[in-house]
Amino acid sequence: MKSLLFAIILMMLFTSCYAHSKKHSHFLYIPKVELDKVMLATPDIFSVANIARITTKQIKLRGATNFIDILQGEDGIQVFTSNGNINQPLISIRGFAANAFANTLVLVDGIPLNNPDVSPANLNLISLRNVASMQILPASEGVLYGDQAVGGVVNIITKQPKKFTADSGISYGSYQQQIYHASIANKLPSGWYYRFFVEQNNSDNYRQHNHLHLSNLEGKLGYVYHSGQVYLHYFFSRQFLQFPGALTRRQVESNPTQANANSLNDDTLSYANWVVLAWQQHFKHDWNLDTHLSASVNNTQGFLFTPFQQHLDTYYLHPVLSGPLQINYLHIKTTSGAELLAAHYRNQTSVMPQFNVKNARNMASLYTHWNIALAKQWHVILGGRWAQNDNHVNQAQANCNVWVSEQGLNYLYNKHLRFYLRRAGNYRFPKADEQNNFMPGHAITPLKTQTGVSYEGGIAWHNHHVDFQASLYQLNINNEIAFAPILPNQPRATNRNLDPTQRRGVVLSSALHLTHNLIFYLNYAYVHAVFHSGLFSGKNIPFVANHVAKIALGYSFWQHWHAYIAAIITGSRFPIEDDANRGRRLGGYTIYNANIGYYRKHWSVNLRLNNISGKRFYNYVLLPAGSSQAFFYPAPQRNFLLSVNYDFC
């Protein structure tokens with residue numbers, strides 16, 4: 001099936017290019033980093049907080065083929081994974097670790113990709129080759145984006161066909177990694193457009209018993225008319241992945257690539273289908289109605305300690321109305337919407353049937369957000385969201401609702417300089433399988449809704465040569481939901497609401513355009529993430545690095561060549577589950593990555609080098625409660641990926 005799809009697309013590439021052949025100049029200039037105000041899902045309403053944007057040209061410049069290559073170190077983002085699959089990492093913004101999957105909201109074209117269960121957002125559905133840009137909002141956005149927009153938001157914008165394009169490519173790298181892809185897209189004079197993409201990614205990965213076989217298929221069909229557009233977007237992913245398990249320190253020192261002998265049967269096979277129907281309608285006086293309807297079905301089977309089967313289906317509806325209002329002398333830009341979600345989750349295992357879970361979740365919310373221009377330079381931001389969540393776990397039911405609000409002040413000193421202050425509420429509801437926190441024979445104790453407030457201030461400066469952003473924040477969270485180790489008054493480790501936590505930090509982002517062909521990047525973030533009270537008061541939240549930085553240089557030379565080199569610095573931190581900070585800190589480290597690319601006519605070639613110095617570090621480290629021995633998930637050492645792409649038109 002995969003070979004057939006690949007062959008069909010290749011045939012379409014060759015036959016179509018005869019009718020659409022054009023000459024192009026493929027001289028690549030270093031793109032100017034875009035760090036000014038960018039709206040995520042509602043472009044008419046500015047968020048008060050600073051927002052960063054990564055463009056297609058920047059992705060090409062870095063030679064990135066996965067989301068870790070792009071996001072690591074960007075605006076304080078920490079990215080990690082325990083299963084060895086770099087295509088599906090945990091994205092942490094503002095000091096979250098093992099529970100980052102539920103505190104960073106990932107969107108695709110403004111539609112949530114986060115799952116109702118504890119699995120991370122399925123980034124396997126999205127290939128970087130289909131990404132037009134990525135917008136990073138390192139700030140709480142509970143009003144505009146709702147559930148799980150606690151630490152920040154990452155919005156992935158997929159490519160929109162504007163003309164005929166077709167390409168195909170192959171990549172080969174360390175650990176027997178092989179990637180094949182092909183795509184074709186066009187926008188017709190009649191208003192119809194389409195895009196089809198197929199990709200196959202195979203790798204042995206760095207460690208033994210960690211083979212990955214990933215197949216992606218994406219199709220988009222749309223129609224543009226004089227006052228809007230409608231489109232259908234389909235994503236499919238099939239993944240087979242083996243899990244090498246954790247290693248002791250002695251095993252790591254002996255051979256970091258080995259697999260845990262107890263994990264040699266661990267693997268999963270998963271199928272994911274996601275379809276999106278969107279309608280965008282423009283009305284008079286700059287009013288817009290955007291409506292998204294999506295449905296996803298995920299099936300997974302495998303062996304993790306025991307054989308299991310999981311099924312998850314999710315249905316989502318999100319209409320948004322935005323436009324300007326004039327009240328006396330006040331100019332107001334408004335956006336209001338509703339979100340409806342229904343999900344059904346089932347986990348089954350024959351070995352331990354007492355832990356089988358059936359969960360039904362229904363979520364609804366209403367919100368409004370106002371940007372009020374008091375004068376040419378002063379803007380007041382006001383907003384509020386009400387949300388309700390109904391969870392049915394096996395025979396028990398847990399209902400909860402929440403209200404969050406936002407207040408902000410934006411001061412535009414001139415077209416280059418901006419200041420802002422804001423208070424923003426956030427929340428996240430318990431996940432489907434997080435509610436399974438009970439002992440057999442005991443009643444279920446429902447988890448409370450996690451709520452928080454962020455206080456932020458910042459500055460942004462932008463001109464032709466310098467882009468600079470700085471923000472300072474304090475994030476207070478009550479009833480933070482996390483997997484917690486065994487406590488004196490608890491019979492076993494389980495998901496629970498933690499004592500109040502607090503995160504204080506600063507984020508700095510800058511880009512200096514030294515010459516037309518030379519650009520210097522610097523990102524730095526500091527976060528002090530601690531338990532604010534309770535049993536572990538004053539202790540650091542495990543696996544959150546206090547310091548994260550990225551220093552990079554991009555250079556275009558010899559007309560067809562470009563180069564990129566980056567140093568990613570991660571500070572020290574405590575292992576996962578070490579809430580008491582009883583173990584020793586994991587040492588900080590610096591990773592050096594580079595890319596050199598060649599673009600000429602229809603051809604492009606990129607050589608991506610990761611961890612050039614061969615530094616030994618860990619994607620994930622666990623210190624179980626009651627144990628003095630930590631368990632490690634080693635990250636890849638020096639590796640490369642060579643990619644060759646041909647543009648048919």
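Because the structure is a prediction, the values reported are computed rather than measured.
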> Can you list the steps and then say if F80 with F543 is a ring pair (Phe, Tyr, Trp, His ring centres under 6.0 Å)?
Replying inline: CA-CA 10 Å; F80 42 89; F543 218 62; 5.5 Å; yes
Below 3.5 Å, can you tabulate the donor-acceptor pairs from side chains in residues 527-540 to any protein atom, sequence neighbours excluded?
residue: S537; atom: OG; partner: H532; partner atom: O; Å: 3.4

> After noting the C-alpha distance and the side-chain angles of Q450 and N426, does the key distance pass the side-chain hydrogen bond (donor to acceptor under 3.5 Å, both in side chains) rule?
Replying inline: CA-CA 8 Å; Q450 173 185 310; N426 59 73; 5.1 Å; no
What heavy-atom pair brings [X] and [Y] nearest, and what distance separates the two atoms?
{"X": "P120", "Y": "N115", "result": "O-ND2, 3.0 Å"}
{"X": "S140", "Y": "R94", "result": "N-NH1, 3.8 Å"}
{"X": "G457", "Y": "L421", "result": "CA-CD2, 3.9 Å"}
{"X": "P112", "Y": "L105", "result": "CB-CD1, 4.3 Å"}
{"X": "L137", "Y": "N50", "result": "CD1-O, 3.4 Å"}

I'd like to know if [X] and [Y] make a salt bridge, using a cut-off of under 4.0 Å between side-chain N and carboxylate O.
{"X": "E74", "Y": "R62", "result": "yes"}
{"X": "R361", "Y": "D313", "result": "no"}
{"X": "E406", "Y": "R422", "result": "yes"}

> According to the interplanar angle, ranging from 0 to 90°, do the rings of Y564 and Y521 count as parallel (below 30°), tilted (30 to 60°) or perpendicular (above 60°)?
Replying inline: perpendicular
>> Tell me whether K220 forms a cation-pi arrangement with Y231, defined as NZ or CZ under 6.0 Å from the six-membered ring centre and within 45 degrees of its axis.
In response: yes
> What residues form a salt bridge (charged side-chain N to carboxylate O under 4.0 Å, His left out) with R573, not counting sequence neighbours?
Replying inline: none
> Run the ring pair (Phe, Tyr, Trp, His ring centres under 6.0 Å) check on H369 and Y367 step by step: do they pass?
Replying inline: CA-CA 7 Å; H369 191 269; Y367 68 94; 8.5 Å; no
>> Checking W461 against F468 for the ring pair (Phe, Tyr, Trp, His ring centres under 6.0 Å) test, could you report, in this order, the C-alpha distance in whole Å, the side-chain angles of both residues, the deciding distance, and whether it holds?
In response: CA-CA 5 Å; W461 168 267; F468 174 76; 9.4 Å; no
> Is a side-chain donor or acceptor of R503 paired with a backbone partner of G95 at a separation under 3.5 angstrom?
Replying inline: yes
> For the side chain of E339 and the backbone of L341, is there at least one donor-acceptor N/O pair under 3.5 Å apart?
Replying inline: no
> Passes ring pair (Phe, Tyr, Trp, His ring centres under 6.0 Å), Y524 versus Y526? Steps please.
Replying inline: CA-CA 7 Å; Y524 170 76; Y526 168 80; 7.3 Å; no
>> Can you tell me how far apart CG (N463) and CG (L417) are? Round to the nearest 0.5 Å.
In response: 10.5 Å
